[in-house]
Amino acid sequence: MLFELVYMSRAQSPMVERDLKALLVEARANNERVGITGMLLYRNGSFLQLLEGEEQQVLQLYEKVRQDPRHGRVTQLYSQHLSQRHFTDWSMGFVNAESVDEEQLPGLSDIMSDRFDASALEQMKAASVEILLYFKDQA
């Protein structure tokens, strides 16, 4: 059964373009090997990622991210079973959202900042998927 999981995390150290590209190359190769698709956003030291695939594979990858020393404060926003994938053709879509205008996409800064309040996870569920799908549609 298909499963999706959305999480956010903070980079343990600042990431420059070269670091992000290396991370993306690694993620795409690993995800393609195990049938995971999804989307990764980076902004101001924060990651927002949607993973989708077979439940066991997604949960194993999420645990790997939780153990990855490049990520800190890993927080699962939500998970659920799916009838179909959102990102069928992308082993891992990526957007460096540093230059995205906050007015263009309300909620982006709220989710991807140090100000994020984990107690508001239910409210953030819909916003996180909306943000990720927005970037999919822009590609």
Side-chain angles (χ1 to χ4, degrees):
M1 176 170 269
L2 284 176
F3 184 76
E4 75 179 348
L5 183 145
V6 175
Y7 74 88
M8 62 173 297
S9 66
R10 293 286 299 166
Q12 291 291 64
S13 59
M15 299 193 82
V16 295
E17 193 70 27
R18 182 183 76 246
D19 300 327
L20 293 168
K21 285 182 182 178
L23 179 72
L24 187 58
V25 166
E26 179 185 344
R28 284 180 172 158
N30 291 337
N31 292 353
E32 191 170 327
R33 189 176 65 253
V34 296
I36 290 178
T37 54
M39 180 68 162
L40 174 66
L41 298 182
Y42 179 80
R43 180 180 171 97
N44 299 330
S46 292
F47 293 98
L48 177 64
Q49 184 166 28
L50 182 146
L51 302 169
E52 56 189 12
E54 293 299 321
E55 184 171 5
Q56 182 177 359
Q57 297 294 335
V58 170
L59 292 174
Q60 285 176 352
L61 178 55
Y62 177 65
E63 186 57 33
K64 184 177 175 182
V65 169
R66 288 175 31 87
Q67 303 301 321
D68 189 325
R70 295 172 291 191
H71 293 270
R73 296 188 353 213
V74 179
T75 303
Q76 181 177 323
L77 298 178
Y78 83 97
S79 61
Q80 68 181 13
H81 289 100
L82 294 175
S83 59
Q84 64 183 23
R85 295 177 189 250
H86 295 289
F87 299 95
T88 305
D89 299 325
W90 294 3
S91 60
M92 188 51 55
F94 175 74
V95 172
N96 185 343
E98 297 284 1
S99 63
V100 174
D101 181 0
E102 295 177 21
E103 291 181 18
Q104 181 182 5
L105 194 57
L108 179 65
S109 290
D110 294 335
I111 290 176
M112 301 187 76
S113 76
D114 286 331
R115 300 182 314 268
F116 177 74
D117 178 4
S119 67
L121 288 179
E122 276 304 308
Q123 295 170 346
M124 293 303 192
K125 174 184 172 182
S128 64
V129 172
E130 186 175 316
I131 287 167
L132 290 160
L133 292 173
Y134 169 84
F135 285 107
K136 174 189 173 194
D137 292 340
Q138 299 303 308

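No hydrogens, no waters, no symmetry mates; every other heavy atom, side chains included, goes into these values. Residue numbers run from 1 in the order of the sequence given.
Across all their heavy atoms, Tyr62 and Leu5 have their closest contact at CD1-CD2, 3.5 Å. Heavy atoms only, all atoms of each residue included: Asn44 and Arg10 are closest at O-NH1, 2.8 Å. Of all heavy-atom pairs between Leu50 and Tyr78, the closest is CD1-OH, 4.4 Å.
Between Ser9 and Arg73 the shortest side-chain heavy-atom distance does not fall below 4.5 Å. By the 4.5 Å heavy-atom criterion applied to side chains, Leu51 and Gln49 are counted as neighbours. Val65 has its side chain out of reach of Arg70: every pair of non-hydrogen atoms, C-beta onward, lies at least 4.5 Å apart. Contact of the Leu61 side chain with the Asn30 side chain is not registered, since no non-hydrogen atoms from C-beta on lie closer than 4.5 Å. Within the 4.5 Å cutoff, no side-chain heavy atoms of Tyr42 are placed close to those of Leu23. Contact annotation: the side chain of Arg66 never approaches that of His71 to less than 4.5 Å [non-hydrogen atoms, C-beta and beyond]. Residues Leu77 and Leu48 have side chains in contact (heavy-atom distance under 4.5 Å, counting atoms from C-beta outward). Between His81 and Glu55 there is a side-chain heavy-atom pair separated by less than 4.5 Å.
Formation of a donor-acceptor pair under 3.5 Å by the Arg28 side chain with backbone atoms of Met92 is found in this model. In this structure, Glu54 contributes its side chain and Met1 its backbone to a donor-acceptor pair below 3.5 Å. Glu52 places a side-chain N or O within donor-acceptor distance of the main-chain N or O of Phe87, the cut-off being under 3.5 Å.
Under the 4.5 Å side-chain heavy-atom criterion for Ile, Leu, Val, Met, Phe, Trp and Tyr, Val34 and Leu40 are members of the same hydrophobic cluster. Taken together through direct or relayed side-chain contacts under 4.5 Å among Ile, Leu, Val, Met, Phe, Trp and Tyr, Ile36 and Phe3 form part of one hydrophobic cluster.
Glu32 CD: 12 or fewer foreign heavy atoms inside a 6.0 Å radius.
Between atom CE of residue Met39 and atom CZ of residue Phe94 there is a gap of 9.0 Å, rounded to the nearest 0.5 Å. Taken from CD in Glu26 to CG in Asn31, the straight-line distance is 9.5 Å, to the nearest 0.5 Å. Taking CD of Gln57 as the reference point, atom CZ of Arg33 lies at 9.5 Å (rounded to 0.5 Å).
Within the structure, side-chain hydrogen bond (donor to acceptor under 3.5 Å, both in side chains) contacts touching residues 14-25 (residues at least two apart or in different chains) are Glu17-Asn96.
In this structure, Gln60 has no side-chain hydrogen bond (donor to acceptor under 3.5 Å, both in side chains) partners at least two apart in sequence or on a different chain.
For Gln76 and Tyr7, the side-chain atoms include no donor-acceptor pair closer than 3.5 Å.
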